[in-house]
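The next block holds one structure in the form of structure tokens; read it before the comments.
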Amino acid sequence: MSTMKAKSNRPKVNPFQRRPAKGKGNVVSFNDADDADEDAEVRNRELKSKDDLKLNARKLLQVRTTLPVYQNKDVILNHLIENPVTILIGETGSGKSTQIPQFLLDHLYSTKQHGSIAVTQPRRVAAINLATRVAAEHGCNVGKQIGYSVRFDNTTSGKTRLKYLTDGMLLRELMMNKKLNEYSVIIIDEAHERTVLTDLILGFLKALINGPRPDLKIIVMSATLQAERFSAFFNDAPVIFVEGRKFDVSQYYLTAPSDDIVDSVIRTVVQLNQGEPLGDILCFLPGQEEIDKAVIIMEKISGIIHRETSVPLMIPLPLYAALPPAKQAIVFAPIKGFKRKVIFSTNIAETSVTVSGVKYVVDSGLRKVKVWRHQLGLATLLTVPISQASAEQRSGRAGRESEGKCYRLYCEKDFKKLPAQTEPEIARSDVTSPVLMLKRYGVKDIVNWTWFEYPGKEALVMALQELYQLGALDDFGDITKKGEQMALLPVQPHLSSVLIQANASDCLSDVIDVVSCLSVENLLLNPLPEQRDEVNERRLMLCNGGKKYGDLIMMKELFDVYFYELGKGASSTSERQSWCKELCLSYRGFKNVIKIRNQLRMYCGRLFEGSQLAASEEGEELGEGISANSERIARVLKCFLVGFSKNTAIGMPDRSYRTVATGETISVHPSSLLFLNKSCPSIMYIEYVFTTKGYARNVSRIELEWLQEVVVNGNAVAKERSTA
DNA sequence: GAGCACTGC
């Protein structure tokens with residue numbers, strides 16, 4: 001192949017090979033929105049008059065009719081009607097997620113058929129935005145004929161015939177109504193993303209149409225060419241292809257591989273900035289470490305380059321999930337003047353968020369991935385090469401608004417060696433929760449279930465063992481009463497077993513508060529290095545119990561301050577926000593904690609007879625705090641010990657810790673309040689992650705006699721039960 | 001002395 005330079009004035013560092021634009025691979029259409037969850041929820045509730053709705057719908061129809069899917073409406077609809085299962089491959093901008101469900105809805109109305117249509121999405125925001133858009137196109141308010149159902153927010157009503165929902169939500173519905181009688185059509189959207197939950201739904205649907213629901217119509221929608229896989233699974237179901245509408249993206253490759261990826265990214269960006277017309281640059285890097293490094297370098301050089309060479313001023317911006325929301329928001333604000341945004345992002349910008357204005361993509365070809373080791377019971381965080389599909393998806397981010405360019409920081413021959421598709425999540429995940437779900441559904445033979453992707457015997461055996469140890473399964477592998485309760489609680493099995501124990505130990509309210517905090521990712525933000533010690537000091541000052549007993553008790557203490565002390569009076573919001581800022585906590589995270597807490601209190605109230613848990617009002621009087629009450633602290637931690645007995649480690653004379661399960665050395669994660677505290681007789685941790693070494697995360701101090709009491713005696717009880 | 005990304009009646 002001949003090598004040519006994309007632009008003759010390109011400096012000779014980092015030469016790229018040019019490949020003709022294929023312009024394929026952008027998966028996400030307008031439905032992928034910014035981080036505007038809450039705003040969307042509020043916006044949707046504004047009711048419009050019928051005339052306004054109709055007028056608006058007529059306007060939108062003009063746009064709809066230009067969509068590729070709309071132009072092939074009759075062909076597609078006839079196909080969907082004639083076949084029980086259809087695989088629909090539609091590229092970005094084809095309008096498949098908004099139009100196909102409406103075609104079917106109109107068909108249901110015109111033929112006076114019963115039943116409604118469900119469309120699943122992997123993300124909340126997508127479900128909400130799609131329902132909002134489609135309701136507008138249909139000329140109704142959200143929650144009438146068209147609605148959505150996501151955790152904490154259900155806008156559907158008796159009138160709803162078309163429902164957008166997260167795939168987690170459809171699985172919940174499956175647990176409640178095994179045959180999904182309410183629906184005549186199920187559409188699985190974004191199936192190519194292959195999330196654990198999407199894969200599970202595919203398995204359930206196959207079992208349904210082969211069994212009690214042969215009449216159920218299924219449509220699997222996917223953006224990439226995994227068609228054969230879906231088709232084969234559903235008995236060679238027919239496949240339809242719909243073209244998309246997107247702009248071409250030219251690809252450039254390195255001619256020699258790079259050894260320093262951050263350096264390589266910076267060089268590419270600087271060159272690009274010199275030679276290319278204005279437009280923002282989106283750079284994909286594997287993780288926060290590389291991103292922070294790149295931002296620091298760019299901050300140092302961009303001003304100098306701008307002054308010396310009269311090129312646009314480059315504004316470096318980081319983007320990753322652990323970033324405080326306010327800093328994330330900066331990325332989405334348009335920029336004016338002779339400047340361009342240079343966004344350094346993790347995979348979050350690949351599917352979850354869309355940044356407008358991006359004309360150039362720089363792709364490191366790497367990502368970080370969490371891989372579960374069944375034998376070791378720990379998660380490893382690895383930096384690995386992406387798949388070809390993922391590379392196409394990343395490059396597509398440059399072609400959303402106009403033609404774009406993508407610079408791949410690897411050789412073309414190496415691109416061709418990449419796996420075609422990303423390994424499905426279920427193949428590298430802990431399947432304890434999915435297996436409990438199957439058991440709750442009534443699946444006897446887990447191994448021979450209709451798995452879309454078989455997670456492997458080892459994974460299943462470990463999951464079954466785990467569930468047995470938690471008391472969710474009996475000696476025959478059948479679900480116990482405890483298992484039934486666990487499956488109904490919206491937390492992972494280990495935490496739901498903690499909740500059940502807490503009910504028995506009469507400390508449910510305290511434990512719910514801690515579990516709610518644990519359920520929110522990034523509640524405790526990472527302070528900047530220069531603020532680290534200061535923030536830690538402030539947290540320690542506030543959390544006397546946490547200082548000794550660790551992160552779980554700290555969470556409870558922080559929650560109490562947030563919920564009870566700051567929840568009073570008119571200025572509570574601003575007070576809470578500044579308090580969160582001071583302690584480097586996520587205000588939005590705490591709002592989610594409250595939502596989860598209310599949901600858990602409601603579920604537990606229903607699940608456990610006699611436990612009276614109302615969704616308590618924020619700002620009500622707090623009784624005695626937990627800080628000075630060591631008996632109460634012990635009771636709470638012993639409940640956690642029941643669910644996490646496997647996650648314990650004993651303190652050694654050299655002040656290291658050895659895990660009880662395998663005797664391996666484990667370190668307290670530096671984010672833990674107990675990181676500097678070397679005097680715990682033993683510790684219990686919620687998560688065991690291997691990065692550079694084995695780290696315990698969310699760590700608590702455990703007294704040896706508690707271990708004796710809960711773990712050893714608990715095992716004796718389990719033994720008794722199994723021999724009885 | 002460290003933090004891929006999602007999600008739940």
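Just so it is clear, the structure is predicted and the values come from calculations on it, not from any experiment. Numbered from 1 within each chain, the chains take letters A, B, ... in sequence-line order.
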Any salt bridge linking A:R440 with A:E484? Criterion: basic side-chain nitrogen under 4.0 Å from a carboxylate oxygen.
yes
Using ring centroids (six-membered ring only for Trp), state whether A:F452 and A:F230 fall under 6.0 Å.
yes
Assign [X] to base, sugar-phosphate, or nothing according to its heavy-atom contacts below 4.0 angstrom with the strands shown.
| X | value |
| --- | --- |
| A:Y695 | sugar-phosphate |
| A:L381 | base |
| A:V689 | nothing |
| A:T346 | sugar-phosphate |
| A:L489 | base |

How close or far is atom [atom2] of [N] from atom [atom1] of [X], stated in whole angstroms?
| X | N | atom1 | atom2 | result |
| --- | --- | --- | --- | --- |
| A:R172 | B:dT7 | CZ | P | 15 Å |
| A:R194 | B:dC6 | CZ | P | 20 Å |
| A:H192 | B:dC6 | NE2 | P | 15 Å |
| A:F690 | B:dC4 | CZ | P | 16 Å |
| A:M602 | B:dG8 | CE | P | 14 Å |
| A:D199 | B:dT7 | CG | P | 17 Å |
| A:E687 | B:dC4 | CD | P | 12 Å |
| A:M486 | B:dC9 | CE | C1' | 17 Å |

Closest to the [X] side chain, choosing from [options]:
| X | options | result |
| --- | --- | --- |
| A:R124 | B:dG3, B:dC9, B:dT7 | B:dT7 |
| A:R123 | B:dC6, B:dC4, B:dG8 | B:dC6 |
| A:N526 | B:dC4, B:dG3, B:dT7 | B:dG3 |
| A:S352 | B:dC4, B:dA5, B:dG8 | B:dA5 |
| A:L488 | B:dG1, B:dC4, B:dC9 | B:dC9 |
| A:M169 | B:dA5, B:dG8, B:dG1 | B:dG8 |
| A:P670 | B:dT7, B:dC9, B:dG1 | B:dG1 |
| A:R532 | B:dG3, B:dA2, B:dC6 | B:dA2 |
| A:Q599 | B:dG8, B:dC9, B:dG1 | B:dC9 |
| A:R151 | B:dG8, B:dA5, B:dG3 | B:dG8 |

Compare side-chain N and O positions of [X] against OP1 and OP2 of [N] and report whether any pair is under 4.0 Å apart.
| X | N | answer |
| --- | --- | --- |
| A:S149 | B:dC9 | no |
| A:Y320 | B:dC4 | no |
| A:T691 | B:dA2 | no |
| A:S671 | B:dA2 | no |

Distance-only polar pair, side chains of A:R367 and A:S390, donor-acceptor under 3.5 Å:
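Short answer, no.
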Is a donor from one side chain sitting under 3.5 angstrom from an acceptor on the other, for A:R194 and A:Q421?
no
Criterion side chain to side chain donor-acceptor pair (under 3.5 Å) on A:R394 and A:N347, from CA distance to verdict:
CA-CA 9 Å; A:R394 286 181 176 188; A:N347 243 359; 3.0 Å; yes
On DNA chain B, more 5' by nearest nucleotide between A:E173 and A:K370 is A:K370
Which class fits the ring pair A:W449 and A:F204: parallel under 30°, tilted 30 to 60°, perpendicular over 60°?
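Taking A:F204 first and then A:W449, their aromatic rings stand perpendicular (interplane angle over 60°).
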What I'd like to find out is whether the side chain of A:T351 reaches to under 4.5 Å of the side chain of A:E193, using heavy atoms alone.
yes
